[in-house]
Number of protein chains: 4
Amino acid sequence: MASSPVASSDDKRALILEAALRVFAESGFHTSTVDKVAEVAGIAKGTVYLYFHSKNELMDELVSGRIARLTSLVEEATAQSVDELTGEAVLAALAGIVKAHFAFYSTERQFLTFLAGQIGMLGPNLSTAVLDGTQLLTARVETMLEQAMAMGKVRRATDARTMAFALMGMVHAVAYTWLMDPEPSSVDDISAEVFDMFMAGVRA
Amino acid sequence: MASSPVASSDDKRALILEAALRVFAESGFHTSTVDKVAEVAGIAKGTVYLYFHSKNELMDELVSGRIARLTSLVEEATAQSVDELTGEAVLAALAGIVKAHFAFYSTERQFLTFLAGQIGMLGPNLSTAVLDGTQLLTARVETMLEQAMAMGKVRRATDARTMAFALMGMVHAVAYTWLMDPEPSSVDDISAEVFDMFMAGVRA
Amino acid sequence: MASSPVASSDDKRALILEAALRVFAESGFHTSTVDKVAEVAGIAKGTVYLYFHSKNELMDELVSGRIARLTSLVEEATAQSVDELTGEAVLAALAGIVKAHFAFYSTERQFLTFLAGQIGMLGPNLSTAVLDGTQLLTARVETMLEQAMAMGKVRRATDARTMAFALMGMVHAVAYTWLMDPEPSSVDDISAEVFDMFMAGVRA
Amino acid sequence: MASSPVASSDDKRALILEAALRVFAESGFHTSTVDKVAEVAGIAKGTVYLYFHSKNELMDELVSGRIARLTSLVEEATAQSVDELTGEAVLAALAGIVKAHFAFYSTERQFLTFLAGQIGMLGPNLSTAVLDGTQLLTARVETMLEQAMAMGKVRRATDARTMAFALMGMVHAVAYTWLMDPEPSSVDDISAEVFDMFMAGVRA
DNA sequence: GATGAATGAGAGTTCATTCAT
DNA sequence: TATGAATGAACTCTCATTCAT
């Protein structure tokens, strides 16, 4: 009544999503109940259905919103390098993508935990969204690696596709431990470390 | 009549497990029904319970057997390097671990697809088994990297733990694409490629 | 709207219990289905589980509530004779116990029918409750008979334990017929009759 | 092969019935499985169905055979007094009925335990058999009490029907404790005690 | 006769979703 | 808008019964 009704409505949506994230992260999607989500959100069960059509939609919103944000973070990181075609710029863009991921995860610690085991059992609709996002990102990385190869910055021993997966695999796996660390290093540091490992390897 | 009855009983178990793998891989554990597993196996629902105590046990058998096999493959790969403490031996053992993973996945294509999204929502009992296996493996890799560092074979720019995760992340991610490839390269080739990438990086 | 919501919730509980009593009395516990109970109560099956955790709990409530009531009726009947240790007072207390049983059964005609065949197959948990109640009651009767013996009011030809069982056996068996009688005599009359039969025998 | 096949067949039937009695006595009818009965009998499950049509038939045989035996025991006890119409003879017959029950129970200790909680939930068919037997017996007792009344041996303070139930209630209840006693008194003693209690009461 | 693997109807229970208030 | 009691479809698991060997 006092506050704007629109803001209130958005608040309630956000409140529910937040609760859903917490609950799903803890127990997994299928094991969680709408009852529990409502309880954690401090509202009645029926109210959930005023803001979302189904339990699945909760999941959809949870995931696709984040994917969108990650995608746009990556977008920003690579946008500036679109025009310049120097090898350095491409490498910088790649480094930017890596950093964008760590930056994203650092603000979404819980989401990562949550996502860790959910992909692949989200139902075709949703996993498609996630996989599309992931594949899109990987494909973009692949393209950039090809450019880097063309410019002699990356060797051709391995095909770009495999390299792209390798890089993304490193990023995800390291991000996971990094988040578990009670005193994690800075986004800049960890990103640089991983990217350097990717570029130069670990050999002494 | 001709075939041995023992084999027949084992066959039935195997038949059900195979069906379960197919069904779980397609729909995920929670979304799959025992009815569906039975249908795919071509038997009656009750028969499943003659061979397994519960739906969960199906999952257990499916997973823990594989984990055990992967672990033993890794065991073999690293066994010979236990005594020799030369830097080369440690690196060879690491390469062996990488190769063991690809060898394992190459025989378990479907299992990988299946596992991809299941971890983390298997219920505490099972995910513990999987995570224990994974963590054990990662810990072993970490130890080996520390040895390699001590012997001057690996640089100290990054801590061993992060490196271990990075390597395993690369392996899993690359394995996934590799399996999707209709004409995948040999286990030897892909293992070498990944390990080399890890050691030497991708810089031209 | 008019009636209080609390009362409504209690009503539903009572409604279900009533239905369960009817159904269990007719078919026995194990042969009855929750579906049938719900149908008789005129509600959906799931609703039963909003008010009771399980089918067994239905039984628990049905039985233990009554046992408690019977016990408290007996309590009242014997309470006043606690201080006085005259033989007459003990006999009066015994008569009171007998009367308490008939009074109880007269308001629980259906429950008796229902209980008739259920004891002994209620599952350990519940039958324990019932048997405890029964044994407690019988033990109390035994003690009182011993007191009565000590005071010379009851002869020692038979041990008190056997007597106690005999009395309770008479009470239960007579109560059963009494309830089946379309025009039963009053609680006072039947109690007096049975107690007198116990004390004085049937010999002319 | 060696022994007569008929005897062997009867033996197997008896073996199964014995096992069923043990199992049903321990767990109750509905909670027991045919599997368990077969296991206790030391035969295969299917074999049970060669000798009995169904699990229910097991129960039928178990109960109706005993009821028949009890009835015939009572028959014997009362047969001789059919002609003589003296009061003493009637009382002796009543005493005989009481004794017949204790004699029966003394050889069927397990059966009593078993029956204790089963009546009333045997399904209409079976409980009818049991109740018919019981009612028949009670009716016979009632008739004899009427005769005894007519002959001035029993007082008319209570109607014969109630008396009959009282007597039978005493018998059943006392029999139950009596059987539980590790060193039970003789059949003759306990029968006499109960009958005397019924006739003369417990008053000093 | 004897076996025991196989069957499948049916039970108890859960929970996403609806709707009267 | 918000509620939460009510619903009923769907699931896992049991077990009496059958039948090929």
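Below, each value reflects all heavy atoms present in this structure, side chains not excepted, and no hydrogens, waters or symmetry copies. Quick caveat: nothing in here was measured; it's all calculated off a predicted structure. Chain letters run A, B, ... following the sequence lines, proteins first, then strands; residues in each count from 1.
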For [X] and [N], give me the distance from atom [atom1] to atom [atom2], rounded to whole Å.
| X | N | atom1 | atom2 | value |
| --- | --- | --- | --- | --- |
| A/Y51 | E/dT17 | OH | P | 18 Å |
| A/R13 | F/dA2 | CZ | P | 13 Å |
| C/I16 | E/dT13 | CD1 | P | 14 Å |
| C/H30 | E/dG12 | NE2 | C1' | 12 Å |
| C/L58 | E/dA11 | CG | P | 16 Å |
| C/N56 | E/dG12 | CG | P | 10 Å |
| A/E39 | F/dT3 | CD | C1' | 16 Å |
| D/D11 | E/dG1 | CG | C1' | 15 Å |

Would you kindly check whether a donor in the side chain of C/K55 faces an acceptor in the base of E/dT13, or vice versa, at under 3.5 angstrom? no

Go through the N and O atoms of the side chain of C/K45 and the base of E/dT13, and report whether any donor-acceptor pair is under 3.5 Å. yes

Salt-bridge contact B/E39-B/K45 (side-chain N to carboxylate O under 4.0 Å): no

Between D/G42 and B/L50, which residue's closest nucleotide on DNA chain E lies nearer the 5′ terminus? D/G42

Is there a side-chain contact between A/F29 and A/N56, using heavy atoms and a 4.5 Å cut-off? yes

Close side-chain approach of A/V37 to A/T33, heavy-atom, < 4.5 Å: no

With heavy atoms under 4.0 Å as the rule, sort D/F52 into base, sugar-phosphate or nothing. nothing

So what's the dot-bracket for DNA chain E: Watson-Crick or G-U pairs under 3.5 Å, [ ] if a pair crosses, | if it pairs off-strand? .||||||||||||||||||||

Could you walk me through whether B/V48 and B/L58 pass the side chain to side chain contact (heavy atoms under 4.5 Å, CB included) check? CA-CA 9 Å; B/V48 173; B/L58 272 180; 4.3 Å; yes

State which residue, out of D/M59, D/K55, D/H53, fulfils the side chain to side chain contact (heavy atoms under 4.5 Å, CB included) condition with D/E57. D/H53

Measuring to OP1 and OP2 of F/dT7, would you say a side-chain N or O of C/T47 lies under 4.0 angstrom away? yes

Phosphate contact (E/dC15 OP1 or OP2) by C/Y49 side-chain N/O below 4.0 Å: no

Would you please classify the geometry between the C/H30 ring and the D/H30 ring as parallel, tilted or perpendicular, with 30° and 60° separating the classes? parallel

5'-most contact on DNA chain F (nearest-nucleotide basis), B/S54 vs D/G46, goes to B/S54

Side chain to side chain contact (heavy atoms under 4.5 Å, CB included), that's the test. Do B/D60 and B/F52 meet it? Break it down for me. CA-CA 10 Å; B/D60 284 350; B/F52 302 91; over 6 Å; no

